[in-house]
Amino acid sequence: MKKYSVPKNFISSVGNDNLDTYQSLRKSSKEDSDSYWASVAKRIDWFEEWTSINNTDYSKAHIEWFSNGKLNASYNCIDRHIENGLGEKAALIWQSNDPTISKNVSYNELLEKVSLFSNGLKRAGISKGDRVCIYMQMIPEAIVAMLACARIGAVHSVVFGAFSSDALKNRINDSECKLLITQDNGVRGSKFDIPMKENADKIADECPSLKTVVMVERSGNAMFMKEGRDLTWNQFIDGCSSECPAEVMDAEDPLFILYTSGSTGKPKGVMHTTGGYLVYASHTHELVFDYHKDDIYWCTADIGWITGHSYIVYGPLSNAVTQVIFEGVPNYPDFGRFWQIVEQHKVNVFYTAPTALRALMKEGDDWVTKYDLSTLKVLGTVGEPIKSPEWHWYFNVIGNEECPIVDTWWQTETGGILMSPIPGCVPTKPGSATLPLPGIIPAILDEDGNEIEERNTTGYLVMTQSWPGQMRTVYGDHQRFIDTYFSQAPGNYFTGDGAYIDDDGYFWITGRVDDVLNVSGHRIGTAEVEGAIGAASGVAEAAVIGYNHEIKGEGIYAFVTLMTGVEPSDNIEQDILNTVTKIIGPHAKPSVIQFCSGLPKTRSGKIMRRILKKIAQNETDDLGDISTLADPSVIDSLLQK
Ligand code: PRX
């Protein structure tokens with residue numbers, strides 16, 4: 001595999017591309033890990049310094065960093081920049097779905113908005129430790145709401161705006177949120193009436209902890225407002241002071257909960273705390289994106305995912321960036337939208353998902369070449385491996401062979417990027433996240449938990465040591481935290497991904513080793529989708545498999561058996577799709593539904609997914625060992641698609 005040196009005109013602030021700087025950073029982080037992380041932690045402001053750096057004990061699944069340190073994340077993302085004379089600097093350049101509308105929010109303005117909303121939260125009875133749910137699209141108020149929670153010590157739980165009302169309800173109830181912040185309608189692409197408030201109305205009465213619903217008037221459409229529960233954003237802050245001192249938080253006080261899919265049915269509330277998370281998001285944002293103070297930065301993620309938390313809100317804002325936040329979609333009004341925005345706002349650092357690149361690449365280069373992209377310096381990707389065709393398109397056509405590509409591997413659980421080339425220091429290889437960042441110590445283990453020393457041999461990817469941004473627990477279920485991450489390979493953090501190391505020591509992620517799908521970079525549990533399909537009328541059982549999909553990376557293939565007497569029909573198929581949309585959201589809808597008379601099971605009743613995978617991928621010449629099947633005749637019926 002060809003290695004790409006750092007493009008010759010790229011001037012890095014960290015080092016050179018012969019790996020010397022990288023190796024020396026790595027060496028110092030290994031030799032004295034505490035000193036390394038202490039020096040990193042000094043990049044943010046602490047009200048009181050920590051008494052010890054790392055009190056983690058993996059054998060007890062106890063993660064603790066910067067013990068007794070006191071700080072506030074909102075203060076670090078706003079106030080200290082103003083104290084440093086950056087009050088007039090634009091923090092956000094909000095680019096509306098409508099190409100003719102954009103709006104700047106300076107750090108001074110951000111402080112005023114956040115303080116007003118913080119006081120609104122306090123007046124509504126929200127205090128330190130209370131959970132607040134945020135169900136919004138990409139509008140500045142979403143970021144204001146997150147930072148206002150952080151300011152008063154409330155714990156936010158952001159729910160991606162495309163999730164259904166049922167998914168919203170389950171998340172609100174799991175963490176007993178007292179208040180929900182939403183908007184009247186979502187506006188995205190050619191859809192101007194995504195029913196956000198309506199979704200909230202459907203379930204608010206089934207959420208016993210929920211007392212208040214705050215609604216941003218984005219579309220201006222008339223909405224039902226329940227007396228005593230619902231307020232518009234403006235009513236909520238009306239009469240509040242625009243000054244609100246930041247609460248003094250302990251390094252280990254929770255900052256947020258973010259739900260993510262696992263291999264069993266119910267999504268997990270991944271909990272991150274204040275000190276370690278903020279240090280790590282801030283540090284990696286600067287290191288991986290070679291951030292300079294006048295850069296215009298743009299991450300196209302949504303705040304509903306971890307990428308939005310770490311690389312739109314906490315990382316960039318703690319580094320005083322000016323960043324674009326984008327309400328729309330890459331194909332509205334046309335396929336040149338991303339590149340038109342890059343030209344318009346003179347974007348220097350651009351961070352997106354391979355699935356978006358694949359979708360745009362297939363529309364041809366003319367959508368790109370008509371725009372001036374010469375401001376671009378660093379191009380990032382996240383969420384799934386970036387394969388060779390889209391890597392080369394990104395490098396050649398978007399970056400004009402002048403921008404290093406940073407393929408960043410990480411997870412909701414890791415809080416920030418763990419593996420990525422450091423631009424300027426680490427030559428890239430298309431499809432590899434290259435090397436661990438300094439202070440990150442991965443290993444590849446075999447089935448028995450022994451380290452695989454041989455190169456090019458796939459095994460389970462684990463982290464042998466903690467880092468500050470690591471999740472602390474599954475909200476309300478510490479046992480699940482232990483079972484999911486610390487029981488497979490005791491003494492290590494189990495990532496759930498497979499990987500191998502090549503002859504140059506570079507890491508290649510091979511995908512999930514558990515029953516988690518990665519559809520367009522969105523993480524979806526097979527069990528969740530199977531449960532949703534099972535709720536459709538007439539369905540007896542379902543098994544869901546990921547298969548290679550040209551644009552989505554992985555598509556959802558569902559094998560469905562129906563109750564006796566029920567025949568497959570377009571109506572049932574439609575009902576299944578509607579039920580999945582209702583219970584999870586449209587992004588979890590299967591691309592293929594195959595009705596079958598039975599599922600391949602072992603004698604103990606376990607579904608043999610390996611066989612279904614082969615059928616879904618059309619690799620039916622060799623189905624492997626089928627001798628353990630309870631009823632081999634199901635295979636014939638499955639093959640008659
Ligand atoms: O399988 C890996 C894949 O996405 C999973 C994490 O998903 P999530 O928690 O939703 O976070 C996504 C954004 C950080 C991982 O376990 N993944 C993420 N980035 C990459 C990746 N796979 C390969 N290469 C990547 N760069």
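Along the sequence shown, residues are numbered consecutively beginning with 1. Both ligands and their constituent atoms are indexed starting at 1 by order of listing.
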(message) Below 4.0 Å, non-hydrogen atoms only: which portion of T412 touches ligand 1? Side chain, backbone, both or neither.
(response) both

(message) Whether R43 and E286 form a salt bridge (side-chain N of Lys/Arg under 4.0 Å from carboxylate O of Asp/Glu) is what I want to check.
(response) yes

(request) Could you tell me whether the side chain of T182 and the main chain of Y135 form a donor-acceptor pair under 3.5 Å? (result) yes

Show which side-chain atoms of residues 393-406 pair as donor or acceptor with protein atoms under 3.5 Å away, not counting sequence neighbours.
residue, atom, partner, partner atom, Å
W393, NE1, D365, OD1, 2.9
Y394, OH, G380, O, 2.9
N396, ND2, H392, O, 3.1

(message) Counting non-hydrogen protein atoms only, what is the nearest one to atom 19 (N) of ligand 1? Give residue, atom name and distance.
(response) G383 N, 3.2 Å

(request) Tell me which part of T381 gets within contact of ligand 1: side chain, backbone, both or neither, using heavy atoms under 4.0 Å. (result) neither

(message) Is it the case that the side chain of E390 and the backbone of R358 share a donor-acceptor pair, with hydrogens and angles ignored and the cut-off at 3.5 Å?
(response) no

(message) If you measure every N or O of T260 against every N or O of ligand 1, does any of those distances drop under 3.5 Å?
(response) no

(request) Among all protein heavy atoms, pick the one closest to atom 7 (O) of ligand 1 and tell me residue, atom and distance. (result) R523 CD, 3.5 Å

(message) For G511, state whether at least one heavy atom is located under 4.0 Å from any atom of ligand 1.
(response) no

(message) Considering non-hydrogen atoms of the protein only, which is the closest contact for atom 13 (C) of ligand 1, and what is the distance?
(response) T307 OG1, 3.6 Å

(request) With heavy atoms of I509 as the reference, note each atom of ligand 1 found under 4.0 Å away. (result) 22 (N), 23 (C)

(message) Going by side-chain contact (heavy atoms from CB on, under 4.5 Å), name the residues that satisfy it together with P436, two or more places apart in sequence or in a different chain.
(response) Y22, R26, M419, I440, P442, F507

(request) Looking only at protein heavy atoms, identify the closest one to atom 2 (C) of ligand 1 and say how far it is in Å. (result) D497 OD2, 2.9 Å

(request) Show your reasoning for whether ring-ring contact (aromatic ring centres under 6.0 Å, His included) applies to Y297 and Y291. (result) CA-CA 8 Å; Y297 168 85; Y291 172 66; 7.4 Å; no

(message) Surrounding NZ of K613 (heavy atoms of other residues, nucleotides or ligands, distance under 6.0 Å), is the total greater than 12?
(response) yes

(request) Look only at the side chain of H522 and the backbone of N518, and say whether a donor-acceptor pair between them is shorter than 3.5 Å. (result) no

(message) Please work out, at 4.0 Å between heavy atoms, whether the side chain, the backbone, both, or neither of Q411 comes within that distance of ligand 1.
(response) both

(message) Within the 4.0 Å heavy-atom shell around N518, which atoms of ligand 1 are there?
(response) 3 (C), 4 (O)

(message) Looking at ligand 1, would G496 count as a contact under a 4.0 Å heavy-atom criterion?
(response) no

(request) Give the residue, atom name and distance (to 0.1 Å) of the protein heavy atom nearest atom 25 (C) of ligand 1. (result) E384 O, 3.5 Å

(message) Check R512 with D497, please: is the shortest side-chain N to carboxylate O separation under 4.0 Å?
(response) yes

(request) Enumerate the atoms of ligand 1 whose separation from the nearest heavy atom of V382 is less than 4.0 angstrom. (result) 13 (C), 14 (C)

(message) Within a 6.0 Å radius of atom NZ on K30, are there more than 12 heavy atoms belonging to other residues, nucleotides or ligands?
(response) no

(request) Give the residue and atom name of whichever protein heavy atom lies nearest to atom 6 (C) of ligand 1, and the separation in Å to one decimal. (result) W410 O, 3.7 Å

(request) Heavy-atom distances under 4.0 Å are what count here, so tell me which part of A433 touches ligand 1: side chain, backbone, both or neither. (result) neither

(message) If we ignore hydrogens and angles and just use 3.5 Å, is the side chain of T495 paired with the main-chain N or O of L461 as donor and acceptor?
(response) yes

(message) Students should be able to answer this: which protein heavy-atom is nearest to atom 23 (C) of ligand 1, and at what distance?
(response) P385 N, 3.2 Å

(message) Please check whether T408 reaches ligand 1 - meaning an N/O of the residue sits under 3.5 Å from an N/O of the ligand, judged on distance alone.
(response) yes

